[in-house]
Number of protein chains: 2
Amino acid sequence: MPAPRSRSSAAERAIRAAGERLTAPRAAVLETLLAARQALTHHEIEQALATRLAVDRVTVYRVLDWLVSLGLAHRLAGEDRTWRFLATHGEAHAAHAHFMCSRCGRTVCLDEVAVPPAVKVPRGFEPSHVELNVKGVCATCR
Amino acid sequence: MPAPRSRSSAAERAIRAAGERLTAPRAAVLETLLAARQALTHHEIEQALATRLAVDRVTVYRVLDWLVSLGLAHRLAGEDRTWRFLATHGEAHAAHAHFMCSRCGRTVCLDEVAVPPAVKVPRGFEPSHVELNVKGVCATCR
DNA sequence: GCCTCAGATGCAATTGGGTTGCGCGCGTGG
DNA sequence: CCACGCGCGCAACCCAATTGCATCTGAGGC
């Protein structure tokens with residue numbers, strides 16, 4: 001049960017809780033990610049921000065890197081060779097599946113699909129996490 | 001039981017069998033892929049070719065695209081936003097897992113890991129194939 | 001409330017993987 | 001051996017992402 005719209009947004013609270021400096025670009029980017037129902041490209045984030053706050057392209061990149069390093073966001077490499085970002089909604093979802101549309105690049109989480117928690121890898125290799133990606137065509141592209 | 005080095009290489013035979021024009025760059029690229037024990041970047045392929053045949057950068061890209069469209073090769077998007085290619089050794093391996101090193105990008109097949117053949121996706125979505133990628137650090141990078 | 005400064009931002013230039021356009025060359029079928 | 005259409009090489013281009021640097025600012029200390 002989220003508090004009935006406190007003065008500080010969930011994004012701001014998360015940044016404060018992490019003991020990091022709270023700035024307008026950071027809050028805006030994280031809010032955008034938290035509100036998204038699918039993985040967003042850098043470009044999509046920039047567009048979403050445009051209506052509320054002018055943020056430099058480079059700053060968006062840096063904020064995203066920073067969110068990833070803090071564990072507040074995920075970075076996904078898509079088929080179109082662009083990064084897509086996803087907020088980690090508190091859940092430390094170690095592993096979860098994604099659906100990636102080969103036509104439009106749209107990427108959504110598949111929470112119902114189980115991802116093998118551990119896999120057998122060659123001697124000396126050290127796995128950090130497992131990604132299960134389903135490629136195909138999304139509903140709107142069909 | 002491969003034939004004891006016939007006049008035509010496996011690559012040449014595969015191209016002929018596909019009813020496609022056989023050219024030096026095509027044979028050389030496919031031979032390189034078939035000999036590789038891991039996924040190769042465009043750059044790695046170019047380097048491997050350099051010792052035996054001068055092939056233009058663009059030609060390598062086009063040959064690779066062509067191999068993929070013929071189903072003779074796979075294309076993988078890596079974390080470093082570069083394509084990596086893998087020969088499909090005859091096996092129509094619909095789904096198989098890969099290990100990707102976050103440090104050097106090295107990508108190898110994990111034949112022992114089972115990939116779920118079918119997954120549940122949202123209504124209207126049409127999955128074509130499933131990719132299971134294990135991210136981590138490889139033996140040489142540790 | 002004001003000062004300070006490490007760290008965040010904005011701007012411009014750069015990198016690098018990948019792609020495209022086009023004329024020439026060559027593999028293949030006749 | 002010839003003709004033709006596809007594949008090749010060259011050069012220019014595209015664009016996501018990165019880097020360098022000067023300026024600005026959030027947040028703790030006074």
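Residue numbering restarts at 1 for every chain, and letters A, B, ... go by the order of the sequence lines. Because the structure is a prediction, the values reported are computed rather than measured.
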Scan A/Trp66 against the nucleic acid and name what it touches under 4.0 Å (heavy atoms): base, sugar-phosphate only, or nothing.
nothing
Interatomic distance, A/Ile45 CD1 vs D/dA17 P [rounded to whole Å]
10 Å
Check step by step if side chain to side chain contact (heavy atoms under 4.5 Å, CB included) holds for A/Glu46 and A/Val55.
CA-CA 7 Å; A/Glu46 224 185 331; A/Val55 181; over 6 Å; no
Just the rounded figure in Å: distance from P of C/dG17 to CD of B/Gln47.
11 Å
Value in whole Å for how far the P atom of D/dC15 lies from NE2 of A/His43:
11 Å
Closest-nucleotide mapping onto DNA chain C: is A/Ala54 or A/Arg57 further toward the 5' terminus? I mean the 5' end.
A/Ala54
Decide yes or no for A/Val108 and A/Cys138: does some side-chain heavy atom of the first lie under 4.5 Å from some side-chain heavy atom of the second?
no
Residue B/Tyr61, side-chain heavy atoms: nucleotide from C/dT19, C/dG10, C/dG7 that is nearest
C/dT19
Hey, which sits more toward the 5' end of DNA chain D by its nearest nucleotide, B/Val63 or B/Arg81?
B/Val63
Out of C/dG10, D/dG9, C/dC26, minimum distance to the side chain of B/Arg62 belongs to D/dG9
Output the rounded distance in Å from CG (A/Leu67) to P (C/dA8).
12 Å
Spacing between B/Glu20 atom CD and C/dC26 atom C1', to the nearest angstrom:
16 Å
Rounded to whole angstrom units, what separation is found between the NE2 atom of B/His42 and the C1' atom of C/dT19?
11 Å
Value in whole Å for how far the P atom of D/dA22 lies from CG of A/Asp56
17 Å
Please give, in whole Å, the distance from C/dG16 P to B/Glu44 CD?
16 Å
What class does the angle between the rings of B/Phe125 and A/Phe99 fall in, given that below 30° is parallel, 30 to 60° is tilted and above 60° is perpendicular?
perpendicular
Find which nucleotide of DNA chain D each of B/Pro25 and A/Arg21 is nearest to by heavy atoms, and output the residue with the more 5' nucleotide.
B/Pro25
With a 3.5 Å distance limit and no angle check, can you tell me whether A/Arg26 reaches the backbone of A/Arg21 through a side-chain donor-acceptor pair?
yes
Tell me which of A/Arg26 and B/Thr23 sits closer to the 5' end of DNA chain C, going by the nucleotide each one is nearest to.
A/Arg26
Where the side chain of A/Thr88 meets the backbone of A/Gly71, is there a donor-acceptor pair that is under 3.5 Å apart?
yes
Return no unless some side-chain N or O of B/Thr82 is found under 4.0 Å from OP1 or OP2 of C/dG17.
no
